[in-house]
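Working notes, structure below.
Worth saying up front: this structure is predicted, and the values here are computed from it rather than measured. To find a chain, count down the sequence lines: A is the first, B the second, and so on, and within it residues start at 1.
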There are 2 protein chains.
Amino acid sequence: MLGGWKGGERMVKVKIPESHPRRESLLYRDKIVEGLDEGIVSKEGLIAHGRGEAFDYLLGEKTVEEALDAEKAGVAAMLLGRSSAISVNGNTAALAPEKLIELSELLDAPLEVNLFYKSEERVERIIAHLKKHGASRVLGRKGDAKLPIESERAKVDSDGIYRADVVLVALEDGDRTEALEKMGKSVVAIDLNPLSRTAQKAAISIIDELSRALDNMIDMARFMRDLSADELNSVLESYDNDRILKSTLEKIAKGLMMLGLESR
Amino acid sequence: MLGGWKGGERMVKVKIPESHPRRESLLYRDKIVEGLDEGIVSKEGLIAHGRGEAFDYLLGEKTVEEALDAEKAGVAAMLLGRSSAISVNGNTAALAPEKLIELSELLDAPLEVNLFYKSEERVERIIAHLKKHGASRVLGRKGDAKLPIESERAKVDSDGIYRADVVLVALEDGDRTEALEKMGKSVVAIDLNPLSRTAQKAAISIIDELSRALDNMIDMARFMRDLSADELNSVLESYDNDRILKSTLEKIAKGLMMLGLESR
C-alpha cells in the first residue's frame, strides 16, 4: 500500500451472484468459439456475442417478464402470418441449431441462412451444420431476390424471407430489420440490446438470450398452434412493443441503481 | 402487416446519436480482429472486446467525469509508488501499443506481458509486437515468481509485477486483481464494466475505454510528474473509489431511464 493513502481499505461490497446462469454463459461462449473454428461464425460474430453477454449480464441472465410477453406475441404473429420465415446467421446456427429446427417445424416457417458478413462458403457450411443437426430444408443459397438496401446483404431467397410476411430474426443488423419492416413485413427480433436499431425497428422485440427465447417459444408454439385465429389475434391486440422496450430499459436501469446504492 | 394488428405503427422514437465515437469503435474492432489474425489476441479476447463495446455504448463512448478523476488518481498513485508496473495482455497490446509504451516511459513503469489464456508463443508474439512499436524493455518471459492464486495465471516476473507496489492493469481478470490487492499492492484497473470483479477489487477503477484512458493518463503524466510528493498525495487523499463506482453506475442507469422515458 502507498504510504499515507487509505485507498486499499475502501473495498466496495457489491456481491455479484454466482449462480447457475453463469455456467450457461460459459457454455454459450464455447459454442461460439467452436463455431469460429468450424467456419460457421465470423470474427465479428465473436465480438457481437460478447456484446450480447454484457447485456444479458445486465438483464440478470434470465428471461424477464417483458420478454415472455414478447415471445408469446412473436409466436402468435408467426402462427397468424400467411407465410413466416426464420432468418439464421452464423451465431444463431452455432448457439442453437436444434431449437431453431424444432421451432421452424412447429411454426411451419422455413429456415433461411442470411449473413451480414457474407461468403458463399460460409452459407454452405451453415446449411451443412443445420442439416447435420436434423434440418431437412434450409434456404439461403439462391439469393434471387433483393431487399431495399445496398450491397450484398440485400440478397435473399424469393421463396423464403422475401415472400414471408412475418420474419423471425436473431442477432440481426438494424438495416435489414428496418428494410423488412419498410417492405410491410413484421419482424420478430431476438436481441439482447433494447437500444439496438434492430430492437427499435422490429414490430416485436424479444429482449432475451437466444437459447432461452427459443426454448420458451417452442413450449408456447406447441400449445398455441391449437388456438383459433381470434385467440391469437387477441394476444397481438393487447401487445404493446413500446411498453415492453421501455419497461425493459427501466428494469435494467433500476437494477444498476440498486447495485450502486448497495455499494456503501 | 398482419390484418387487424397495428403493431407496425407503434414505432419507438428513440434516437441513437450517430457521432464520431462510433467510428472509433469500428477502428478498435478492426485492431482486435487484426490482433487475432496476428496471433496476439485470443478468441476469448474477441468476445471480451464485445462485452467492453456494450459497456462503452452505455457510457456514451466518452470519458465520463468520474473516469477523469480515476485517471488522475491512477497517475498519482503510479508516480508515488516505490515501483510501478503495467500489465499487458493481448487485447491491450493490439488496441494501443504505442500509448502503453509512452505511458510506461513517462511513469518509469515497465511493461509486463501477462495473459489469462497463456501460451509461451503468444507471449513472444506480444513482446515482438510491442518492440515493433518502439518498446525497448518488455517483461513477461521469465514467470519466475508466483501470485497467490492457482494455475498458470499465477506466474509473473520477479522484477516486474511481483515487486511493484502499484500495478496498472487493463481488461484484467478479477482473480488476479484480487490477488495483487491481497499481496498489498495497489491495482489501478482500466475496465469498462463497473460491476466486474476487477473494477470492484481494484484500489482505483478507471471506467473508460482503454485508448481514451491511456491518452488522458499520458497528458496527465506529462504534467503531474513535476508535482511534489505532497501534491500527488493530496490527489489521492481526496479520491474515493467507492463514490466513483457508485456515481458511474448511477450515470449509466439514469441514461437508460432517460432513453426509456423518451421512447413515447
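- By the side chain to side chain donor-acceptor pair (under 3.5 Å) test, A:Ser238 pairs with no residue at all, sequence neighbours left out.
- For B:Asp173, the side chain to side chain donor-acceptor pair (under 3.5 Å) partners are B:Arg153, B:Arg176, not counting sequence neighbours.
- Residue contact with chain A, scored on non-hydrogen atoms closer than 4.5 Å, involves the backbone and the side chain of B:Leu46 alike.
- Counting heavy-atom pairs closer than 4.5 Å to chain B, the top-ranked of the candidates A:His49, A:Glu44, A:Lys254, A:Met183 is A:Glu44.
- Neither the backbone nor the side chain of A:Leu192 comes within contact range of chain B; no heavy atoms are under 4.5 Å apart.
- In this model, no donor atom of one side chain and acceptor atom of the other lie less than 3.5 Å apart for B:Glu231 and B:Ser234.
- In this structure, B:Glu181 contributes its side chain and B:Ala203 its backbone to a donor-acceptor pair below 3.5 Å.
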